[in-house]
Amino acid sequence: MSLSRIKEAVIGSTEIVVVSHEYPDGDSIGSSIALAKALSQMEKSVKVIINGDIPLEYRFLTGIDDIRRPDDVVVNKESIMIFLDCADEKRAGSQIDAYRKRCRLSINIDHHLGNTNFADINHVDISASSTGEIVYDLIKLLDITIDKDIANALYITIVTDTGSFRFDNTTAKTFNMAGYLLTMGLDFSAIRINLWENKNPNSIGLLIDVLSTMKFVCNNKAAYIVATNEVMEKWKAGYGELESFINYPKSIKGIEVAILFKEIGMNEIKVSFRAKADFDVQAIASYFGGGGHKKASGCTLNTQLNEGIKKVIEYLHERLI
Ligand code: 5GP
Ligand code: MN
């Protein structure tokens, strides 16, 4: 129902701003590029905004250079804004929330549990593996031909958000979509090489240092790792390089919850949570002002690193034991 409302809104607009969240990942980047390319085929004027560095592995995508920072884009009263993969109005950055208040119409397309339905039109489907899966439906509804560039971008949304079709958010629809994208000419080996076989040698040094911080807590039901500013500087690493590291503590027998603490600034840490089976880490992240999914969530804490670790582990301990 809301997808057809979105279709009407798109058809009735000339200027469309596509935005996604800070610390972008494969789903936010891929769904933004795919939708922007599709809207350009409809001869719309399209701008794409993401506040944050694009991790190296996604920079090979055609269309990546069209992504702008908030400061470089003017959103006027005629624009409509489409938010992708944002659970709330602050996820894309506070400057973008100000743009939202100014634009003619805002649209929210997302798959996160606890999405705040912050826009004028909201399409939130928590059964979708990724926001890209919903963008795929929208593109088809708009009768746009999925070319190789759109296929590459959409494939990246599902392959990253499902952990290469391993997580429980993978459905028959996800596999069908992947199969369809393959028939539309996606570049399977370029995606594999860029995403997983193109690492900077430093990122292995970073992996060794970060894994050496691993601690087992909550009666060995949880394990966490820490990426300090110091180690990030030592290896000249970007935060995107940490993305898969949390899978190592999660891969250990008996571990129910894995956590990664990333130090961003003196009093800012980003926390990632992953659950293996039934434990709900979205509830943990929400308690600390974040969100996400039952099995993958995150939050930002404005505290000093060790204090943040202590608070999170204490809270988790009471719920996991
Ligand atoms: P990651 O740990 O990979 O950064 O994020 C895992 C999931 O949690 C993603 O779906 C992401 O959107 C969500 N998430 C991460 N950080 C935050 C946050 O600060 N706020 C909210 N609402 N969701 C987050
Ligand atoms: Mn997503």
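The chain is numbered in sequence order, starting from 1. Indexing begins at 1, ligand by ligand and atom by atom, following the structure's order.
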Quiz prompt | Geometric N/O contact Arg91 with ligand 1, under 3.5 angstrom | solution = yes
Quiz item: Under 3.5 Å, N or O to N or O, is Gly298 touching ligand 1 that way?
Solution: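 Right, the criterion is met.
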Just to confirm my output: which protein heavy-atom neighbour is closest to [atom], and how far is it?
{"atom": "atom 7 (C) of ligand 1", "value": "Ala296 O, 3.5 Å"}
{"atom": "atom 10 (O) of ligand 1", "value": "His112 NE2, 2.7 Å"}
{"atom": "atom 6 (C) of ligand 1", "value": "Arg274 NH1, 3.7 Å"}
{"atom": "atom 21 (C) of ligand 1", "value": "Gly291 N, 3.2 Å"}
{"atom": "atom 19 (O) of ligand 1", "value": "Cys299 CA, 3.5 Å"}
{"atom": "atom 4 (O) of ligand 1", "value": "Ser272 OG, 3.8 Å"}

Short list, please: which atoms of ligand 1 are under 4.0 Å from a heavy atom of [X]?
{"X": "Asp88", "result": "22 (N)"}
{"X": "Lys270", "result": "15 (C), 16 (N), 17 (C), 19 (O)"}
{"X": "Thr300", "result": "19 (O)"}
{"X": "Gly292", "result": "8 (O), 13 (C), 23 (N)"}
{"X": "His293", "result": "10 (O)"}

Name of whichever N/O/S atom of [X] is nearest to the Mn ion (ligand 2):
{"X": "Asp161", "result": "OD2"}
{"X": "Asp85", "result": "OD1"}
{"X": "Asp27", "result": "OD2"}
{"X": "His111", "result": "NE2"}

Quiz item: Counting only heavy atoms not in Glu43, do more than 12 sit closer than 6.0 Å to its CD atom?
Solution: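 No, CD of Glu43 has 12 or fewer neighbouring heavy atoms, counting only those of other groups under 6.0 Å.
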Quiz item: Under 6.0 Å from the CZ atom of Phe165, do we count more than 12 heavy atoms belonging to anything else shown?
Solution: yes
Presence of N, O or S from [X] under 2.8 Å of the Mn ion (ligand 2):
{"X": "Asp110", "answer": "no"}
{"X": "Asp25", "answer": "no"}
{"X": "His112", "answer": "no"}

Quiz prompt | Ala128 backbone acceptor or donor facing Asn169 side chain under 3.5 Å | solution = no
Quiz item: Looking only at atom types and distance, does a side-chain atom of Glu263 sit under 3.5 Å from a main-chain N or O of Asn229, one as donor and one as acceptor?
Solution: yes
With the threshold set at 4.0 Å, does a side-chain nitrogen-carboxylate oxygen contact exist between [X] and [Y]?
{"X": "Lys310", "Y": "Glu314", "answer": "yes"}
{"X": "Arg91", "Y": "Asp88", "answer": "no"}
{"X": "Lys199", "Y": "Glu241", "answer": "no"}

Quiz item: Within a strict 4.5 Å, meaning less than it, do heavy atoms of the Thr171 and Glu133 side chains meet?
Solution: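 Result yes, sub-4.5 Å side-chain heavy-atom pair found.
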Practice problem: Take the angle between the ring planes of Phe261 and Tyr224 and call it parallel below 30°, perpendicular above 60°, tilted in between. | Solution: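 Rings of Phe261 and Tyr224: perpendicular, as their planes differ by over 60°.
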Self-check item: Test of ring centre spacing under 6.0 Å for Tyr315 and Tyr287
Solution: yes
Exercise. Check the hydrophobic clustering (I, L, V, M, F, W, Y; side-chain heavy atoms under 4.5 Å; chains of links allowed) and say if Leu35 and Tyr58 are grouped together.
Key: yes
Practice problem: Tell me whether the guanidinium CZ or amine NZ of Lys140 lies under 6.0 angstrom from the six-membered ring centre of Tyr180 and within 45° of its axis. | Solution: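 Yes, Lys140 and Tyr180 form such a contact.
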